[in-house]
Chemist: 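Can you read through this structure? Questions will come right after.
A, B, ... follow the sequence lines: proteins, then strands. Residue 1 opens every chain. For clarity, every value in this text was computed on a predicted model and none was experimentally measured.
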Amino acid sequence: MQILKAVVQPLISQALSTMGVENLPLDKMLQPSRELDQGDLALPCFPFSKRLGMPPNDIAEALAKHVAEHPAIGEVNGVNGYLNIRANPQWLVEQLMAIGVQGGDSKKNRAVLIEHTSANPNGPFHVGRARNAILGDTLVRLHRLYGNDVTAEYYVDDMGKQVAVLAWALEHLSEEDVAAQLEGKEPANPVWKGKADHERVRWYQAAQALRQDSENSKEIEEKIGTMVHASEHGDEHVLASFESAYQPVLDGMLTTLGRLGINFDRFTKESIFVTNGDVGRLMERLGTLEINGEADNGAQFLDLGARGLKGKTEFFYRRGDGSSLYATRDIAYHMWKWTMEGDLINVLGEDHKLQAKQVGMTLEELGHKRPEVVFYSFIKLPEGKMSTRRGNVVFMDDLLEEAKEQAAVVVRELRPQYDEEKIATIAEAVGTSAVRFNIIKVSPEKGFTFRWEDALTFEAGSAPFIMYSHTRACSIRRRIESDVGPIDTLLEHGVQSPVDLPDSLVTLLRILSIHHDCLEKAVNDHRPHLFAEHMLRLANSYNAFLNECYILSDGEVNQFYLWISETARSVMHAGMEGLGLVALDEM
RNA sequence: GGGCGUGUAGCACAGCUGGAUAAUGCACCGGCCUCCUAAGCCGGAGAUCGCGGGUUCGAAUCCUGCCACGCCCGCCA
């Protein structure tokens, strides 16, 4: 609890010096309590026990007596060698009224460029790919909530083998060819007929099969190789044919993401850095570096082992034929990104760790900073790794449909009075939010196994749980507006906090008071799951508050309770926005 | 073989810049709807924190060895 710490730390420092202890790293030692019932802040007294020649518990107790009184402090005590400080609830109320939940100074406002998703535009999103998009978009939203100026960017891989295969297939294969080639495999889902990502991926798959084994495979490979080569040398005709092949696929993928509330500010094509000469100039420059090396056929690499890289130390950036590699273009892309104000954050799968390291080291070698990278582990199915080729995939589109359907079943059962249109609206919001939350609530480095029953859980610990708390706050608001009068009028003259506050209200107050701390940590450490967890606690404490404190009883409004409820409602609303959950008024 | 990551109740997961009784959800047991949405609230039971050593007043957290799983080690993207 930063607002309390700011007040209390100097007081403790004083108390310590009267006891003869100076120069402690108090800022680091004074930490948020582990458990709510211990207090709000705790100072372990073990480290200076020797210096004082006293047992930690005696120090804690003595310290508790020496800390000066302050309106912010509700209770100070020494237990088990810890000095525990509990905030005065009345003071917390005053702070909330005065400065809101922002906790004081959040004038960060840095410019941040977040690159995420950037999936090859060759087929529909599956759940495995979606972790990147959901993680990336949540980072974007949380940075914005925090007050940063964010650009969300999709780096479009518009050259190279994958798009080349797609372009070749669309040019050379008829619908019949594709159908014949994919016979025996799972047929296209008719639900997605007309959605280019689902349709064109079949051409891609057919081409992949033909490349693998057919009498023409050698010929096909040569043709594709020529196209790739041309694209890597910036051949505009070939690049244009690639674009007309992948753009509808990309549009389909973006439709899926849009349904999850994921949008981008900018799309940057990889090929730009080839056609504008950046990549050529970069390779020239890399060639002059002292760690540059050259293979027999003229291919060039950097010896990153000389800079401490372990394992494979040669980092190739130029092929024997003079063309660039993906990583080379990535470096040019990053140099371009660094020409803009602000920090860079990339969201990448764990398979890109080595590559990211190579790119980062090369950037440093060139005098640039490394971008910050958030890595995530892959999502797999209980049957194993997701693979389009083996038909072992869950498409995002199918998951979202299923989630909506399951949510609709629940809504119909719980709210028989709602009409189908309303049910559909709620089900869509609940379904998509649940899917996002299910993925964002676990830390990125943890391996994730996708299970339908987890993704479609709507109980405590899920997005709908948070959404539900918010709708209850909205519901109360509506009730009061219709039965009593406008909320603004009710609260316009300020509210008086009662002397005795119910436990559940105090808990809610304390959770609200650390809201900003949690957001800050989630943003700065790139750990959105921490904020997701905090939102669950907030929703839980709001529910408990509602259960205990009747805002409206016998036609009388308790103004203070109403004020707390309204504060929580707006905080929940903003927090949900930050997680990409749809904040419904009714559900 | 080398590099990186993960291993915490039956299941899932938080805590990992060292600190108290290891948090939360599901499942399990028991309470709570004449009152603002019970998708809820309250309580209970359930954990040798992968295994062994070490550092420390104190280790899930740091070091080290081992085991299991994942990812990477292309002049692919």
Chemist: Please work out whether the ring planes of Tyr333(A) and Tyr155(A) are parallel, tilted or perpendicular, with thresholds of 30° and 60°.
Modeler: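 Ring orientation, 0 to 90° scale: parallel.
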Chemist: Considering every strand shown, what is the Watson-Crick or G-U wobble mate of A27(B) when both distances are under 3.5 Å?
Modeler: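 Its partner is none (no Watson-Crick or G-U wobble pair with both distances under 3.5 Å).
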Chemist: When you check the phosphate oxygens OP1 and OP2 of C71(B), does a side-chain N or O of Tyr376(A) lie under 4.0 Å from one of them?
Modeler: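 Answer is no, no contact under 4.0 Å.
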Chemist: Tell me if the side-chain of Asn297(A) makes a donor-acceptor pair with the base of C75(B), cut-off 3.5 Å, by modelled atom types.
Modeler: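 Result: at least one qualifying N/O pair found.
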Chemist: Gln31(A) near the nucleic acid: base, sugar-phosphate alone, or nothing, with a heavy-atom cut-off under 4.0 Å?
Modeler: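 Nothing, no nucleic acid heavy atom in range.
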Chemist: Regarding Tyr317(A) and Asn292(A), do their side chains bring together a donor and an acceptor under 3.5 Å, going by distance alone?
Modeler: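 Per modelled atom types, Tyr317(A) and Asn292(A) side chains form a pair under 3.5 Å.
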Chemist: Where the side chain of Arg415(A) is concerned, which of A39(B), A14(B), A77(B) is the nearest nucleotide?
Modeler: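 Looking only at heavy atoms from C-beta outward on Arg415(A), the closest nucleotide is A39(B).
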Chemist: Would one find a side-chain N or O of Lys312(A) under 4.0 angstrom from OP1 or OP2 of C72(B)?
Modeler: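 So the side-chain polar atoms of Lys312(A) never come under 4.0 Å of the phosphate oxygens OP1 or OP2 of C72(B).
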Chemist: Tell me whether the OP1 or OP2 atom of A77(B) has a side-chain N or O from His352(A) closer than 4.0 Å.
Modeler: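 No, His352(A) has no side-chain N/O under 4.0 Å of OP1/OP2 on A77(B).
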Chemist: Where the side chain of Lys353(A) is concerned, which of C76(B), C4(B), U37(B) is the nearest nucleotide?
Modeler: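 From the listed options, C4(B) comes nearest.
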Chemist: Between Phe378(A) and C71(B), do the rings stack, that is, sit under 5.5 Å apart with planes less than 30° off each other?
Modeler: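 Base of C71(B): not stacked against Phe378(A).
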Chemist: What is the nucleic acid contact for Gly447(A), judged by heavy atoms within less than 4.0 Å: base, sugar-phosphate only, or nothing?
Modeler: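 The answer is sugar-phosphate, as Gly447(A) gets under 4.0 Å only of primed atoms, P, OP1 or OP2.
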Chemist: Can you tell me if the side-chain N/O atoms of Lys441(A) get under 4.0 Å from OP1 or OP2 in U24(B)?
Modeler: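 Negative; the distance criterion is not met.
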Chemist: Establish, with yes or no, whether the OP1 or OP2 oxygen of C73(B) is under 4.0 angstrom from a side-chain nitrogen or oxygen of Lys357(A).
Modeler: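 The answer is no; no side-chain N or O of Lys357(A) sits under 4.0 Å from OP1 or OP2.
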Chemist: Can you find a side chain N or O atom of Arg527(A) that sits less than 4.0 Å from OP1 or OP2 on G15(B)?
Modeler: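 So the side chain of Arg527(A) is within the cut-off, an N or O lying under 4.0 Å from OP1 or OP2 of G15(B).
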Chemist: Would you mind classifying the nucleic acid contact of Glu35(A) as base, sugar-phosphate or nothing, using non-hydrogen atoms under 4.0 angstrom?
Modeler: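 Sugar-phosphate contact only - Glu35(A) comes under 4.0 Å of backbone atoms but never of a base.
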Chemist: For Asn540(A) and C41(B), is the shortest distance between a side-chain N/O and OP1 or OP2 below 4.0 Å?
Modeler: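 Looking at the OP1 and OP2 atoms of C41(B), one of them is under 4.0 Å from a side-chain N or O of Asn540(A).
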Chemist: By the 4.0 Å heavy-atom rule, please label Asn84(A) as base, sugar-phosphate, or nothing.
Modeler: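 Base contact.
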Chemist: Hydrogens and angles aside, do Ser217(A) and Gln212(A) bring a side-chain donor and acceptor to less than 3.5 Å of each other?
Modeler: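 Per modelled atom types, Ser217(A) and Gln212(A) side chains form no pair under 3.5 Å.
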Chemist: Would Tyr550(A) count as stacking on C35(B) if stacking means ring centres less than 5.5 angstrom apart and planes tilted under 30 degrees?
Modeler: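 Taking the rule of under 5.5 Å and under 30°, the ring of Tyr550(A) does stack on C35(B).
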Chemist: For Asn84(A) and Gln38(A), does a side-chain donor sit closer than 3.5 Å to a side-chain acceptor?
Modeler: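 Side-chain D/A pair, Asn84(A) to Gln38(A): absent.
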Chemist: Would you mind classifying the nucleic acid contact of Glu314(A) as base, sugar-phosphate or nothing, using non-hydrogen atoms under 4.0 angstrom?
Modeler: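 No contact.
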Chemist: Can you tell which of G3(B), C57(B), C73(B) lies closest to the side chain of Leu354(A)?
Modeler: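 Looking only at heavy atoms from C-beta outward on Leu354(A), the closest nucleotide is C73(B).
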Chemist: OP1 or OP2 of U37(B) less than 4.0 angstrom from a side-chain nitrogen or oxygen of Arg478(A), does that happen here?
Modeler: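 Arg478(A) to U37(B) OP1/OP2: no side-chain N or O under 4.0 Å.
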Chemist: Check whether more than 12 heavy atoms from other residues, nucleotides or ligands sit under 6.0 Å from atom CG of Asp503(A), and answer yes or no.
Modeler: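 Open.
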Chemist: Please classify the nucleic acid contact of Leu309(A) as base, sugar-phosphate, or nothing, using heavy-atom distances under 4.0 Å.
Modeler: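 Since no nucleic acid heavy atom lies under 4.0 Å of Leu309(A), the category is nothing.
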Chemist: Any side-chain N or O of Asn547(A) below 4.0 angstrom from OP1/OP2 of G40(B)?
Modeler: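 For Asn547(A), the contact criterion (side-chain N or O under 4.0 Å from OP1 or OP2 of G40(B)) is not met.
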Chemist: Evaluate the criterion side-chain contact (heavy atoms from CB on, under 4.5 Å) for residue pair Trp452(A) and Glu402(A); output intermediate values, then yes/no.
Modeler: CA-CA 9 Å; Trp452(A) 284 98; Glu402(A) 182 68 19; 3.4 Å; yes
Chemist: Taking only side-chain N and O atoms of Arg34(A), does any of them lie within less than 4.0 angstrom of OP1 or OP2 on U21(B)?
Modeler: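 Arg34(A) to U21(B) OP1/OP2: no side-chain N or O under 4.0 Å.
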Chemist: Using Watson-Crick or G-U wobble geometry with both distances below 3.5 Å, tell me the partner of U55(B), or none.
Modeler: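 Its partner is none (no Watson-Crick or G-U wobble pair with both distances under 3.5 Å).
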Chemist: Does Ser443(A) have a side-chain nitrogen or oxygen under 4.0 Å from the phosphate oxygens OP1 or OP2 of A14(B)?
Modeler: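 Result: yes.
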Chemist: Under 4.0 Å between any heavy atoms, over every strand shown, what does Ser475(A) touch: base, sugar-phosphate, or nothing? Just pick one.
Modeler: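 Base contact - Ser475(A) has a heavy atom under 4.0 Å of at least one base atom.
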Chemist: With a 4.0 Å limit, can you tell me whether Tyr468(A) has a side-chain N or O closer than that to the phosphate oxygens OP1/OP2 of A39(B)?
Modeler: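 For A39(B), OP1/OP2 do have a side-chain N/O of Tyr468(A) under 4.0 Å.
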Chemist: Is the phosphate of G74(B), meaning OP1 or OP2, less than 4.0 Å from a side-chain N or O of Arg319(A)?
Modeler: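 Answer is no, no contact under 4.0 Å.
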Chemist: Which part of the nucleic acid, if any, lies within reach of Lys385(A) when heavy atoms closer than 4.0 Å are counted: base, sugar-phosphate only, or nothing?
Modeler: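 Sugar-phosphate contact only.
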Chemist: Need one value for Ala327(A): base, sugar-phosphate or nothing, where a base atom within 4.0 Å counts as base even if backbone is also close, heavy atoms only.
Modeler: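 No contact.
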Chemist: What does Met159(A) touch in the nucleic acid at a heavy-atom separation under 4.0 angstrom: a base, only the sugar-phosphate, or nothing?
Modeler: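 Touches sugar-phosphate only.
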Chemist: Once you apply a heavy-atom cut-off of 4.0 Å, does Gln355(A) come out as touching a base, just sugar-phosphate, or nothing?
Modeler: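 Base, at least one base heavy atom under 4.0 Å.
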Chemist: Could you tell me the separation between the CG atom of Leu26(A) and the NZ atom of Lys5(A), rounded to the nearest 0.5 Å?
Modeler: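 The CG atom of Leu26(A) sits 8.0 Å away from the NZ atom of Lys5(A).
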Chemist: With both distances under 3.5 Å as the test, what is the Watson-Crick or G-U wobble partner of U48(B)?
Modeler: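 Paired with no nucleotide.
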Chemist: Is Arg451(A) close enough to C11(B) that one of its side-chain N or O atoms is under 4.0 Å from OP1 or OP2 there?
Modeler: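 Looking at the OP1 and OP2 atoms of C11(B), neither is under 4.0 Å from any side-chain N or O of Arg451(A).
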Chemist: Counting any heavy atom closer than 4.0 Å, what does Leu325(A) reach on the DNA or RNA strands: base, sugar-phosphate only, or nothing?
Modeler: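 Counting heavy atoms under 4.0 Å across all strands, the contact made by Leu325(A) is with sugar-phosphate only.
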Chemist: If you measure from CZ on Phe465(A) to OG on Ser433(A), what distance do you get to the nearest 0.5 Å?
Modeler: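 That separation rounds to 15.0 Å.
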Chemist: Would you classify Pro56(A) as touching base, sugar-phosphate or nothing, given that sugar-phosphate means primed atoms plus P, OP1 and OP2, and contacts are heavy atoms under 4.0 Å?
Modeler: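 Answer is nothing: Pro56(A) stays at 4.0 Å or more from every strand.
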Chemist: Within the 4.0 Å heavy-atom criterion, would you say Ala460(A) contacts the bases, only the backbone, or no part of the nucleic acid?
Modeler: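 Sugar-phosphate, no base atom in range.
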